[in-house]
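The analysis underlying the following values was restricted to heavy atoms, covering all of them including side chains, and did not include hydrogens, waters or symmetry mates.
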Amino acid sequence: MSLRTAMPRLSGATPSSRHNEPAAGAWTGHPLQGLSYGALGLPLAFVALPLYVVLPAHYAAEFGVPLALLGAVLLGARLADALVDPWIGRVVDGLFHRSARRAWVVALAMGGVLAAGFAALFFPPVQGTAPLLAWCAALLLVTYFSYSALSVTHQAWGAMLGGGAGQRAGVVAWREGFALGGVLVASVLPSVAGMGVTATVFAVLLAAGLWALGRAPQPRSAPVLRDPSQVRPWRVGGFRRLLLIYLLNGIASAIPAMLVLFFIRDRLQAAAYEPLFLALYFAAAALAVPLWVRAVARFGLARSWLAGMLLAVAAFVWAATLGSGDVVAYALVCAASGVALGADLTLPPALLAGVIQRAGHQGRSEGAYFGWWNFATKLNLALAAGAALPLLQLAGYEPGARDPGSLAALTLAYCLLPCGLKLAAAGALYGLWMRHDTGVER
């Protein structure tokens, strides 16, 4: 059986004709449904790793761009990108209100822009610090915008499929499971095959993911609101509390993601094991996703997420004790923190989908909610780039440093600062969510 015959194909349905399509939004959890919806998560995550993790080290090592200047460019580009996400969310809502096919066609166009921008970003036709920084800033804006449009569309599509906590976690698990597979491939491919092959593979995977999405179950849509401004996510108390928790937890995760390659190369002096460490981290996260979905059925979304946060803290406290040559110990840290990552990826979006349902906005404004959600994600990354890199340089750290003071600063930034932020997020989750008495999901 092919995807074409098993999945309802997007046809040019309009909101008024959707009641004639019995399969629309009929999510049953069948593997073919999960494949058709989740497949786009693979290339979107595949491209995210080079953009957010490999790019800073690439421009610093290959082109000699100073960390402070690079951090400023990354901060500016990511803040600019984050600011347009809420607007992208509104546009995506409008596309879905017309038809799912309209949203899909626009996603196809954005996919072409993203593939071209990614290739150009890693192969700049200019030389010199100033031209390189200008090229990097311009191409980051192009790739970030197209990436955001695709991501919000994909997330809103899944949230519109609805269901209880278990079903919502299952939908997200398919998307994030594919995403982790994409990150796993991206963690190895650039160092093994080079960025040229990486860009080509990404373009092929993106085309396949978009094709599969066109055959996924169509989301349900509520009647279009006459005044879209009636739905303002910030007026929903549950959304505000959840977003605060997500921000604290996200910045705690973004800082080590930004610094992991520096830690491996300089603190552990184990650059040869870099692909192994990254692959182990993301493989552990992928394998843990089904376990977290099962944990939700027993303990609930919030309690399971809290357990993931505490596991991450334990892993990074251990990492702070490591030094040169501690390859096996750091591999175990990667595995433990990868398991925690599985919770971070799967459970918060499922909680958000529940907030949208309880607010009565399902099928109307998922794009608006996920636009702000992605804004928070980009803000985390921007703060990590704009704060961690310049502060490290001020502390005397430079790539390749071996003196104790520089390495101590790197360890503090990579291990202990994220632990403090994770504990703050865990406290907020417990105090603002789990102990709150207004019907939030535990």
Worksheet entry | Within the 6.0 Å centroid threshold, strictly below: Tyr147 and Phe118 | no
Worksheet item: Looking at side-chain heavy atoms only, is the closest gap between Leu95 and Trp104 below 4.5 Å?
Response: no
Discussion item. Taking Trp211's backbone N and O only, do any of them form a donor-acceptor pair with Arg215's side chain (distance below 3.5 Å, no angle check)?
Written reply: yes
Fill in: Donor-acceptor contact present, side-chain Ser253 to main-chain Asn249, <3.5 Å
yes
Practice prompt. Taking the side chain as every heavy atom from C-beta outward, state whether Leu121 and Leu55 have any pair of such atoms under 4.5 Å apart.
Written response: yes
Worksheet entry | Heavy-atom check, side chain of Phe370 versus side chain of Ile356, under 4.5 Å | yes
Discussion item. Just verifying a value: how many Å separate Leu244 CG and Trp433 CH2, rounded to the nearest 0.5 Å?
Written reply: 11.5 Å
Worksheet item: So, do Phe239 and Trp372 have ring centers that fall under 6.0 Å from each other?
Response: no
Worksheet item: In Å and rounded to the nearest 0.5 Å, what is the CZ to CG distance from Phe63 to Leu70?
Response: 11.0 Å
Item to complete: Starting from the C-alpha separation in whole Å, work towards a yes-or-no answer on side chain to side chain contact (heavy atoms under 4.5 Å, CB included) for Val333 and Phe277.
Response: CA-CA 9 Å; Val333 168; Phe277 290 145; over 6 Å; no
Discussion item. Under a 3.5 Å distance rule, please check whether Asp403 uses its side chain to pair with a backbone N or O of Ser406 as donor and acceptor.
Written reply: yes
Worksheet item: Closest approach of Pro190 and Val185, non-hydrogen atoms and distance?
Response: CD-O, 4.4 Å
Worksheet item: What are the two closest non-hydrogen atoms of Ile245 and Ala425, and how far apart are they?
Response: CG2-O, 3.9 Å
Discussion item. A side-chain contact here means heavy atoms from C-beta on lying under 4.5 Å apart; do Val260 and Tyr281 qualify?
Written reply: no
Discussion item. Are the side chains of Leu114 and Phe202 in contact, using a 4.5 Å heavy-atom criterion?
Written reply: yes
Discussion item. What I'd like to find out is whether the side chain of Val296 reaches to under 4.5 Å of the side chain of Leu347, using heavy atoms alone.
Written reply: yes
Fill in: Sidechain-backbone polar pair: Arg241 side chain, Leu432 backbone, donor-acceptor under 3.5 Å
yes
Worksheet item: Is the shortest heavy-atom distance from the side chain of Leu322 to the side chain of Arg267 under 4.5 Å?
Response: no
Item to complete: Please find out if less than 6.0 Å separates the ring center of Tyr330 from that of Phe263.
Response: yes
Worksheet item: Between Ala285 and Leu341, what is the shortest heavy-atom contact and its length?
Response: CB-CD2, 3.8 Å
Discussion item. Within a 6.0 Å radius of atom OH on Tyr273, are there more than 12 heavy atoms belonging to other residues, nucleotides or ligands?
Written reply: no
Fill in: Enclosure of Arg402 CZ (heavy-atom neighbours >12, cutoff 6.0 Å)
yes
Practice prompt. Go through the steps for Lys422 and Asp344 under the test salt bridge (Lys or Arg N to Asp or Glu O under 4.0 Å), then give the verdict.
Written response: CA-CA 11 Å; Lys422 277 280 185 183; Asp344 281 344; 2.8 Å; yes
Worksheet item: How many angstroms lie between CE in Met258 and CG in Leu74, if you round to the nearest 0.5 Å?
Response: 6.0 Å
Worksheet item: To the nearest 0.5 Å, what is the distance between CG (Leu351) and CG (Leu301)?
Response: 4.5 Å
Worksheet item: Is a donor on one side and an acceptor on the other found under 3.5 Å between the side chain of Trp305 and the backbone of Gly300?
Response: no
Practice prompt. Begin from the C-alpha positions of Leu40 and Thr153 and carry the test side chain to side chain contact (heavy atoms under 4.5 Å, CB included) through to its verdict.
Written response: CA-CA 11 Å; Leu40 184 59; Thr153 300; over 6 Å; no
Discussion item. With rounding to the nearest 0.5 angstrom, report the CZ to OG1 distance, Phe316 to Thr321.
Written reply: 13.0 Å
Fill in: Separation between CD1 of Ile251 and CD1 of Ile255, rounded to the nearest 0.5 Å
4.5 Å
Worksheet entry | Derivation and outcome, side chain to side chain contact (heavy atoms under 4.5 Å, CB included), residues Leu44 and Gln155 | CA-CA 11 Å; Leu44 290 180; Gln155 292 166 334; over 6 Å; no
Worksheet item: Do you know which two heavy atoms are closest between Ala331 and Leu280, and how far apart they sit?
Response: O-CD2, 3.0 Å
Worksheet item: Is the closest side-chain heavy-atom distance between Leu248 and Leu429 below 4.5 Å?
Response: no
Worksheet item: Ala39 and Ala212: which non-hydrogen atoms are nearest, and at how many Å?
Response: CB-CB, 4.0 Å
Practice prompt. Check whether any side-chain N or O of Arg175 sits under 3.5 Å from a backbone N or O of Gly158 as a donor-acceptor pair, and report yes or no.
Written response: no
Discussion item. Taking Ala343's backbone N and O only, do any of them form a donor-acceptor pair with Thr346's side chain (distance below 3.5 Å, no angle check)?
Written reply: no
Practice prompt. Could you please spell out the steps behind the side chain to side chain contact (heavy atoms under 4.5 Å, CB included) verdict for Met110 and Phe145?
Written response: CA-CA 9 Å; Met110 290 296 99; Phe145 178 84; 4.0 Å; yes
Worksheet entry | Trp373 and Asp85 side chains, donor-acceptor separation under 3.5 Å | no
Worksheet item: If you take all heavy atoms of Ala315 and Ala336, which pair is closest and at what distance?
Response: CB-CB, 4.0 Å
Worksheet item: Just by distance, do the side chain of Trp292 and the backbone of Val339 share a donor-acceptor pair under 3.5 Å?
Response: yes
Worksheet item: Checking His154 side chain against Leu213 main chain: does a donor-acceptor pair fall under 3.5 Å?
Response: no
Item to complete: Please check if the side chain of Trp318 supplies one atom and the backbone of Val313 the other of a donor-acceptor pair under 3.5 Å.
Response: no
